[in-house]
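Down below is the structure, laid out as structure tokens.
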Amino acid sequence: PGRTLSLWVRLWHWMTALSFILLTITGIILHFGGPELAVLNYDAATTVHDYAGIFLAVIYGMHLVFLVATGYWRNYKPSGGNIWARLKAQVIFYTVDLGRNGQYAESTADGRFNVLQQLAYLIVVFALLPLLIVTGLLYLYYPAVVPDTVLGLAGLWPLALAHFAFGILGAAYLVVHVYMATVGPNAGASLRLMIMGRSESARGGS
């Protein structure tokens with residue numbers, strides 16, 4: 001039998017990816033872009049960055065409701081024994097073996113995620129995204145709650161630094177996520193699953 005994926009999960013996936021791409025591009029412009037490199041001017045980049053962040057916060061809140069209401073969050077919970085051994089095997093698959101020696105990306109009973117993906121999604125969905133969103137919204141809307149000075153510097157600098165660090169981690173995860181989705185013989189099926197909502201079953205999942 002083939003694998004299926006709900007319309008909301010697919011929409012959440014692509015909308016989040018679009019948000020991250022916009023946030024990454026505009027974030028780079030705001031932090032590093034000079035007149036000779038900027039795709040957008042500073043004011044336009046600020047506007048796009050703010051709206052993309054708000055959009056991400058809204059769809060993340062909707063996704064949390066979906067996760068709780070449907071129990072989908074359980075797909076992110078590693079189960080079974082030998083988790084660390086299986087995690088090591090997945091790391092080897094994605095970085096060294098790439099399926100050449102009979103290794104494969106294991107998946108859960110319903111064919112959705114392997115243990116490496118489950119741990120990654122747990123961290124991203126329940127830690128990285130909330131921290132990125134909260135620091136961004138505080139910086140944007142609630143600077144008054146931040147102390148005027150911290151260690152003799154402007155009070156917003158720890159918040160800005162934390163938001164920047166979480167943004168770097170999010171951008172890095174996006175790159176790694178795309179890489180993992182293209183590794184192994186099941187890459188095409190995984191892409192069709194995310195676009196069409198259904199694909200033929202195959203060994204492994206991504």
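For clarity, every value in this text was computed on a predicted model and none was experimentally measured. Side chains included, hydrogens not; waters and symmetry mates left out as well; all remaining heavy atoms used.
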Exercise. Side chains of Tyr72 and Trp8: does their closest heavy-atom pair fall under 4.5 Å?
Worked result: no
Problem set entry | Between CG on residue Leu169 and CG on residue Leu129, distance to nearest 0.5 Å | 11.5 Å
For this session: Check the hydrophobic clustering (I, L, V, M, F, W, Y; side-chain heavy atoms under 4.5 Å; chains of links allowed) and say if Leu11 and Leu56 are grouped together.
Result: yes
For this session: Please round to the nearest 0.5 Å and tell me the distance separating atom CD1 of Ile83 and atom CG of Leu116.
Result: 12.5 Å
Exercise. Can you check ring pair (Phe, Tyr, Trp, His ring centres under 6.0 Å) on His13 and His177, steps first, answer last?
Worked result: CA-CA 11 Å; His13 180 275; His177 184 67; 5.5 Å; yes
Exercise. Any idea which heavy atoms bring Gln118 and Lys77 closest together, and the distance?
Worked result: NE2-O, 3.5 Å
Problem set entry | Asp50 side-chain N/O to Thr47 backbone N/O, donor-acceptor pair under 3.5 Å | no
Exercise. For Ala57 and Leu137, which heavy atoms make the closest approach, and how far apart are they?
Worked result: CB-CD1, 4.3 Å
For this session: Report yes if some heavy atom in the side chain of Leu64 is under 4.5 Å from a heavy atom in the side chain of Phe126; otherwise report no.
Result: yes
Exercise. Linking I/L/V/M/F/W/Y whenever any side-chain heavy atoms sit under 4.5 Å apart, do Trp84 and Tyr94 land together?
Worked result: yes
Seminar exercise, completed: Here the gap from Tyr121 atom OH to Tyr173 atom OH, rounded to the nearest 0.5 Å, amounts to 4.5 Å
Problem set entry | Asn41 side chain vs Ala44 backbone, donor-acceptor pair below 3.5 Å | yes
Exercise. What class does the angle between the rings of Phe164 and His31 fall in, given that below 30° is parallel, 30 to 60° is tilted and above 60° is perpendicular?
Worked result: tilted
Exercise. Rounded to the nearest 0.5 Å, what separation is found between the CD1 atom of Ile29 and the OG1 atom of Thr46?
Worked result: 9.5 Å
Exercise. Taking atom CG of Asp43 and atom CG of Leu30, what is their separation to the nearest 0.5 Å?
Worked result: 10.0 Å
Exercise. Taking a hydrophobic cluster as the set of Ile, Leu, Val, Met, Phe, Trp and Tyr residues connected by side-chain heavy atoms closer than 4.5 Å, whether directly or through intermediates, do Ile123 and Val125 fall within one such cluster?
Worked result: no
For this session: Please name the residue in the list Leu23, Ile21, Leu22 that meets the side chain to side chain contact (heavy atoms under 4.5 Å, CB included) test with Ile25.
Result: Ile21
Exercise. Looking at residues at least two apart in the chain, or sitting in another chain, which of them share a ring pair (Phe, Tyr, Trp, His ring centres under 6.0 Å) with Phe20?
Worked result: none
Problem set entry | Any Tyr76 side-chain heavy atom under 4.5 Å of Gln117 side chain | no
Exercise. Hey, is the main chain of Leu87 close enough, under 3.5 Å, to the side chain of Gln90 for a donor-acceptor pair?
Worked result: no
For this session: Write out all pairs satisfying side chain to side chain donor-acceptor pair (under 3.5 Å) with one or both partners inside residues 122-135, taking only residues at least two apart or from two chains.
Result: Thr135-His163
Problem set entry | Heavy-atom check, side chain of Ser6 versus side chain of Phe66, under 4.5 Å | yes
Exercise. In terms of hydrophobic clustering (I, L, V, M, F, W, Y; side-chain heavy atoms under 4.5 Å; direct or indirect links), are Tyr51 and Ile59 co-clustered?
Worked result: no
Problem set entry | From CA spacing to verdict: side chain to side chain contact (heavy atoms under 4.5 Å, CB included), Met15, Leu18 | CA-CA 5 Å; Met15 289 189 296; Leu18 176 61; 5.7 Å; no
Exercise. From Leu161 CG over to Phe166 CZ, what is the distance, rounded to the nearest 0.5 angstrom?
Worked result: 9.5 Å
Exercise. Is there a path from Ile54 to Val65 through hydrophobic residues (I, L, V, M, F, W, Y) whose side chains come within less than 4.5 Å of each other?
Worked result: no
For this session: Name the orientation class of the two ring planes belonging to Tyr60 and Trp12 (parallel below 30°, tilted from 30 to 60°, perpendicular beyond 60°).
Result: tilted
